[in-house]
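Input: a single structure, listed below in structure tokens.
One-based numbering, in listed order, for ligands and for the atoms of each.
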Amino acid sequence: MSEISTVKLNNGVPIPQFGFGVFQIEPAQTADAVKTAFDAGYRHIDTAQMYRNEEGVGRAIADSGIPRDEIFVTTKLDNDLHGHAEALKAIEESLDRLGLDHVDLFLIHWPRPKEDRYVETWKAFEQILADGRSRAIGVSNFQSAHLERLAAESDIVPAVNQIELHPRFPQAELRAHHRGHAIATQAWSPLAQGGDLLADDRLTALAEKYGKTPAQIVLRWHIELGNIVFPKSVTPERIRENIEVFDFELAGDDVATIGELETGTRIGPDPDEFG
Ligand code: NAD
């Protein structure tokens with residue numbers, strides 16, 4: 001396998017640009033899936049309190065024998081646990097479930113702007129960083145306005161914003177905002193959850209041209225945009241297939257062809273409304 005590229009976060013912490021997402025993996029299946037990912041060379045796992053599978057991730061890490069500092073672990077705050085005291089308690093509970101003394105990245109999962117507590121929550125995250133309970137802190141599903149509000153009312157710029165992003169919904173404006181503020185872009189549902197996108201004729205033609213699969217073409221497109229990705233699968237062949245995207249490059253006009261797949265439609269909820 002060719003080497004996985006690394007992105008340096010705005011506080012200097014390196015993160016593998018490619019990882020394994022465990023959303024919608026059953027708790028009982030999680031340790032096996034993560035083990036398969038480790039065996040295939042993945043060293044970055046993206047979980048969340050709301051996925052209810054942090055224990056399985058922790059078990060796979062403990063059983064792997066891989067040194068802790070070679071694995072990058074992200075988890076995310078449960079939507080019901082916004083607030084200063086709640087977030088401080090929540091990270092301790094995640095660490096217990098994961099069997100770790102720190103995570104590498106802790107994210108606010110959704111801003112829930114109507115509840116209007118994300119600035120208070122972020123101040124707890126600043127403390128979690130200072131306490132060494134997470135090596136970096138960031139947000140997820142934040143719109144530009146939410147990022148601007150954090151910039152105005154807190155001290156630390158999020159290391160990442162993890163957002164829905166795939167060829168159907170490429171988020172050009174928000175990516176430009178991130179670039180202007182040294183925030184790394186993490187793309188969730190990078191394969192648009194594997195639906196009709198991967199059957200599009202333009203993608204299957206590119207797959208044939210490069211001798212790759214449509215999923216690998218889409219994942220390579222993300223890598224070339226600079227996005228950090230962690231596709232999910234429980235199928236061992238697909239887990240191994242997805243990471244094989246570091247041995248080829250897309251030509252510029254092929255990147256443009258993938259840009260034509262944009263429909264402007266989300267899979268997930270609108271962050272201004274959700275929660
Ligand atoms: P994804 O785009 O990674 O799609 C996963 C699905 O695509 C699989 O269930 C499978 O059906 C299909 N698939 C995977 N590999 C394939 C292949 N090689 N060929 C054909 N089909 C394939 O979607 P996702 O799981 O929603 O997103 C990935 C990760 O992003 C999650 O596991 C999670 O870690 C994260 N995420 C975060 C948020 C958030 O709000 N922050 C929301 C959703 C997902």
Side-chain angles (χ1 to χ4, degrees), residues 15-27 29-30 33-34 36-37 40 42 44-54 56-57 72-79 103-112 118 137-143 146 158-171 174 184-200 203-204 206-207 212-223 227-245 261 265-275:
I15 180 172
Q17 198 181 350
F18 199 94
F20 186 61
V22 298
F23 176 46
Q24 291 177 325
I25 301 187
E26 289 298 322
Q29 265 192 306
T30 302
V34 174
T36 304
Y42 293 68
H44 163 190
I45 309 296
D46 185 273
T47 184
Q49 295 175 343
M50 290 193 288
Y51 302 167
R52 304 278 175 255
N53 56 19
E54 289 171 310
V57 172
F72 193 100
V73 184
T74 300
T75 195
K76 318 185 190 83
L77 182 76
D78 190 308
N79 275 345
V103 289
D104 298 281
L105 182 61
F106 191 39
L107 305 181
I108 298 182
H109 205 149
W110 290 86
R112 290 167 62 109
Y118 64 84
I137 52 173
V139 296
S140 178
N141 299 301
F142 273 44
Q143 308 274 48
H146 310 136
V160 312
N161 187 18
Q162 182 178 127
I163 55 174
E164 178 176 347
L165 200 176
H166 42 73
R168 296 276 189 237
F169 196 66
Q171 297 259 31
L174 198 44
T185 299
Q186 294 193 320
W188 65 252
S189 296
L191 299 172
Q193 294 188 338
D196 65 348
L197 171 68
L198 299 182
D200 189 287
L203 267 186
T204 49
L206 287 176
K212 290 284 180 180
T213 65
Q216 288 170 326
I217 297 292
V218 171
L219 293 168
R220 183 68 213 178
W221 172 83
H222 282 285
I223 296 299
N227 301 335
I228 299 164
V229 283
F230 22 82
K232 169 256 173 184
S233 177
V234 290
T235 309
E237 295 72 31
R238 285 178 170 176
I239 292 173
R240 290 190 282 271
E241 169 190 327
N242 288 344
I243 198 172
E244 294 296 335
V245 293
L261 303 174
T265 44
R266 292 180 187 274
I267 298 170
D270 179 342
D272 284 314
E273 303 298 326
F274 186 62

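Looking at N141 against ligand 1, only its side chain comes within 4.0 Å, counting heavy atoms. With a heavy-atom cut-off of 4.0 Å, P190 touches ligand 1 through backbone and side chain alike. Residue contacts with ligand 1, taken as heavy atom pairs separated by less than 4.0 Å, involve S189 via backbone and side-chain atoms alike. Using a 4.0 Å cut-off between heavy atoms, N242 contacts ligand 1 through its side chain alone, with no backbone atom that close. Both the backbone and the side chain of F230 come within 4.0 Å of ligand 1, counting heavy atoms alone. Heavy atoms of E241 found under 4.0 angstrom from ligand 1 belong exclusively to the side chain.
Taking every heavy atom of P231 and a limit of under 4.0 angstrom, the matching atoms of ligand 1 come to 3 (O). In the vicinity of H109, heavy-atom distances shorter than 4.0 Å reach the ligand 1 atoms 39 (C), 40 (O), 41 (N). Atom numbering of ligand 1 starts at 1 in the shown order; those under 4.0 Å from a heavy atom of Q162 are 35 (C), 36 (N), 37 (C), 38 (C), 39 (C), 41 (N). Residue L198 approaches ligand 1 through these ligand atoms, each under 4.0 Å from one of its heavy atoms: 20 (C), 21 (N). Interface atoms of ligand 1 facing D46, defined by a heavy-atom separation under 4.0 Å, are 33 (C), 34 (O), 35 (C). Each of the following atoms of ligand 1 lies closer than 4.0 Å to a heavy atom of A192: 2 (O). Heavy-atom proximity to A215, at under 4.0 Å, picks out these atoms of ligand 1: 17 (C), 18 (N), 19 (N). Counting the atoms of ligand 1 from 1 in the order shown, those under 4.0 Å from a heavy atom of F23 are 26 (O), 31 (C), 32 (O), 33 (C), 43 (C), 44 (C).
Closest of all the heavy-atom pairs between Y118 and I108 is O-CD1, 3.9 Å. Shortest non-hydrogen contact noted between P111 and S140 is CD-O, 3.7 Å. Contact record, L165 with H222: O-CE1, 3.2 Å, taken as the closest heavy-atom pair. The two atoms that bring L198 and L203 nearest to each other are CA-CD1, 4.2 Å, heavy atoms only. When all heavy atoms of L197 and A192 are compared, the closest pair comes out as CD2-CB, 3.8 Å. Nearest heavy-atom pair across T75 and A48 is OG1-CA, 3.4 Å.
Of the protein's non-hydrogen atoms, the one nearest atom 2 (O) of ligand 1 is L191 N, 2.8 Å. For atom 8 (C) of ligand 1, the nearest protein heavy atom (residue, atom name, distance) is K232 O, 3.4 Å. Here the protein heavy atom with the shortest distance to atom 43 (C) of ligand 1 is W188 CE3, 3.2 Å. When hydrogens are left out, the protein atom nearest atom 16 (C) of ligand 1 is R238 CD, 3.6 Å; that is the closest non-hydrogen contact. With hydrogens left out, the protein atom closest to atom 4 (O) of ligand 1 is Q193 CA, 3.2 Å, a heavy atom.
Checked against T185 for a side chain to side chain contact (heavy atoms under 4.5 Å, CB included), the options N227, V229, I228 give a single hit: N227. Checking T47, V103, V73, T30 one by one against E54, the side chain to side chain contact (heavy atoms under 4.5 Å, CB included) holds for a single residue, T47.
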Run the numbers on I15 and D104 for side chain to side chain contact (heavy atoms under 4.5 Å, CB included), then give the verdict. CA-CA 9 Å; I15 180 172; D104 298 281; over 6 Å; no
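Taking CZ of R168 as the start and CG of L261 as the end, the distance is 6.0 Å to the nearest 0.5 Å. Expressed to the nearest 0.5 Å, how far OH of Y51 lies from NE2 of H109 amounts to 4.0 Å.
Contact analysis leaves T213 out of contact with ligand 1, as no non-hydrogen atom separation drops below 4.0 angstrom. Under a 4.0 Å heavy-atom criterion, W110 is in contact with ligand 1.
The pair D46-K232 does not meet the salt-bridge criterion, since no charged nitrogen lies less than 4.0 angstrom from a carboxylate oxygen.
Using the six-membered ring where Trp is involved, F142 and H146 have ring planes that are perpendicular, over 60° apart on the 30 and 60° scheme.
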